[in-house]
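Below you'll find the structure, written out as structure tokens, and then a few comments.
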Amino acid sequence: GFAFTDGVLPAGPYNLKGQTVPGDAFVQKVYVNGRRQRLGVQLQWRPGSVGIQAEAMRVRDTRFGQGIEDEDLPDLVERAWYVSGTWLVTGEHKKDSITPVRPFLNGGYGALEIGTRVEQLSVGSGPTLNLALYGPRSPYVLPTGDVVWTTGVNWYLNKFFELSLNVMREDRALPRATTLLPGPVWSRTFRIEFGL
């Protein structure tokens, strides 16, 4: 699939907000004004018990009259992508909701799925110059990025209950001016989900 959006962007610090896995912002706030255009491509393929998904997008924010002397600034370009793959080890077919062939405590052990995902969000370009040159109204945007690798397991007890355990490795490409730690950061999540 393909997606395209084009909309009005008000003047102010309204660029996209990149967040780390714990929710800390890592993208420099900059002033934008004019239009936001988003172009994206998506892929989903579900042959049997395997599922593969991918998406890539590019967002361009214009910065008309946002310089220190009301001059136009270069467009802000943000890029993101992800690729994920899952496999239902117990043989069920991939679809939007998973119903185990042999529900837990009803003649079986439920459905078991393993998966992995790699994703990246990046903004800015070029080498980091003197940090005094960067600011919300500067033509320069600090080059930052975050690559996250997630792997995990989902256990579908029946068509209503799911248990998920994920381990994430986050590799942050951040300038020294930020308060966040650059480099690899590990985290994990455990989720119990109930649905009708």
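Starting from 1, each residue takes its place in the sequence as its number.
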(message) When you group the ILVMFWY residues by side-chain heavy-atom contacts below 4.5 Å and let the links chain together, are Val27 and Leu73 in the same group?
(response) no
(message) Within the structure provided, determine whether Pro136 and Lys29 are in side-chain contact (heavy-atom separation under 4.5 Å).
(response) no
(request) Would you please test Gln53 and Glu55 for side chain to side chain contact (heavy atoms under 4.5 Å, CB included) and show each step? (result) CA-CA 7 Å; Gln53 289 190 172; Glu55 183 176 2; over 6 Å; no
(message) Is there a continuous path of hydrophobic side-chain contacts, each under 4.5 Å between heavy atoms, that joins Val123 to Leu9?
(response) yes
(request) Considering non-hydrogen atoms only, spot the tightest contact between Glu170 and Pro22 and give its length. (result) OE1-CD, 3.8 Å
(message) With heavy-atom distances below 4.5 Å as the criterion, would you say the side chains of Thr62 and Val32 are in contact?
(response) no
(message) Counting the benzene-type ring for Trp, do Phe161 and Phe194 have ring centres under 6.0 Å apart?
(response) yes
(message) Within the 4.5 Å heavy-atom criterion, are Glu162 and Leu157 side-chain neighbours or not?
(response) no
(message) Let me confirm one number: the CZ-CD distance from Arg137 to Gln66, rounded to the nearest 0.5 Å.
(response) 5.0 Å
(message) Can you tell me how far apart NZ (Lys159) and OG (Ser97) are? Round to the nearest 0.5 Å.
(response) 9.0 Å
(request) Decide, yes or no, whether a salt bridge links Glu78 with Arg60 under the criterion of side-chain N to carboxylate O below 4.0 Å. (result) no
(request) State yes or no: do Val153 and Val50 share one hydrophobic cluster built from I, L, V, M, F, W and Y residues joined by side-chain heavy-atom distances below 4.5 Å, directly or via other members? (result) yes
(request) State, to 0.1 Å, how close Thr150 and Glu119 come at their nearest heavy-atom pair, and which atoms those are. (result) OG1-OE2, 4.4 Å
(message) Heavy-atom count check: over 12 atoms from other residues, nucleotides or ligands less than 6.0 Å from Phe2 CZ?
(response) no
(request) Hey, could you give me the CD/CG distance between Gln28 and Asn15, rounded to the nearest 0.5 Å? (result) 8.0 Å
(message) Surrounding CZ of Arg188 (heavy atoms of other residues, nucleotides or ligands, distance under 6.0 Å), is the total greater than 12?
(response) no
(request) Measure from the side-chain N and O atoms of Ser187 to the backbone N and O of Val21, and report whether any donor-acceptor pair falls under 3.5 Å. (result) no
(message) Quick one, Leu112 and Asn154 - any side-chain contact, counting heavy atoms below 4.5 Å?
(response) no
(message) Would you say Gln120 and Ser122 are linked by a side-chain donor-acceptor pair, where the criterion is simply a distance under 3.5 Å?
(response) no
(request) Would you give the length of the straight line joining atom OG of Ser164 to atom CD of Glu193, rounded to the nearest 0.5 angstrom? (result) 6.5 Å
(message) Let me check something: do Ile192 and Leu165 share a hydrophobic cluster, defined by ILVMFWY side-chain heavy atoms less than 4.5 Å apart, either directly or through other members?
(response) yes
(request) Kindly indicate, with the supporting measurements, whether the criterion side chain to side chain contact (heavy atoms under 4.5 Å, CB included) is fulfilled by Leu88 and Thr86. (result) CA-CA 7 Å; Leu88 279 157; Thr86 58; over 6 Å; no
(message) Please evaluate residues Arg58 and Arg38 with respect to the criterion side chain to side chain contact (heavy atoms under 4.5 Å, CB included), reporting the C-alpha separation (whole Å), side-chain torsions for both, the decisive distance (0.1 Å), and the verdict.
(response) CA-CA 6 Å; Arg58 178 183 181 270; Arg38 177 186 177 272; over 6 Å; no
(request) Please check if the side chain of Arg63 supplies one atom and the backbone of Leu76 the other of a donor-acceptor pair under 3.5 Å. (result) no
(request) Test side chain to side chain contact (heavy atoms under 4.5 Å, CB included) on Phe104 and Asn158 and set out the steps. (result) CA-CA 6 Å; Phe104 183 65; Asn158 55 41; 5.9 Å; no
(request) Locate the shortest heavy-atom distance separating Ala80 from Leu121; write the atom from each residue and the value. (result) CB-CD1, 3.9 Å
(message) With heavy-atom distances below 4.5 Å as the criterion, would you say the side chains of Val185 and Met168 are in contact?
(response) no
(request) Check whether any side-chain N or O of Thr151 sits under 3.5 Å from a backbone N or O of Gly115 as a donor-acceptor pair, and report yes or no. (result) yes
(message) With a 4.5 Å cut-off on side-chain heavy atoms, are Arg36 and Leu16 touching?
(response) yes
(request) Working to the nearest 0.5 Å, report the span between OH of Tyr14 and CG of Asn33. (result) 10.5 Å
(message) How long is the straight-line distance from CZ of Arg35 back to CZ of Phe64, given to the nearest 0.5 Å?
(response) 9.0 Å
(message) Could you tell me if Arg117 sits above the aromatic ring of Tyr82, with its cationic atom closer than 6.0 Å to the ring centre and no more than 45 degrees from the axis?
(response) yes
(request) Examine Leu43 and Val41 and state if one hydrophobic cluster contains both, with Ile, Leu, Val, Met, Phe, Trp and Tyr joined whenever side-chain heavy atoms are less than 4.5 Å apart. (result) no
(request) Please check if atom CZ in Arg46 has more than 12 non-hydrogen atoms from other residues, nucleotides or ligands closer than 6.0 Å. (result) yes
(message) Could you check whether any side-chain heavy atom of Val89 comes within less than 4.5 Å of a side-chain heavy atom of Trp87, counting everything from C-beta outward?
(response) yes
(message) What I'd like to find out is whether the side chain of Thr90 reaches to under 4.5 Å of the side chain of Tyr156, using heavy atoms alone.
(response) no
(message) For a quick test of reading the model, state the closest non-hydrogen atom pair linking Ala111 to Pro100 and the distance between them.
(response) N-CB, 3.7 Å
(request) State whether the side chain of Asp72 and the backbone N or O of Gly65 hold a donor-acceptor pair below 3.5 Å, judged by distance alone. (result) yes
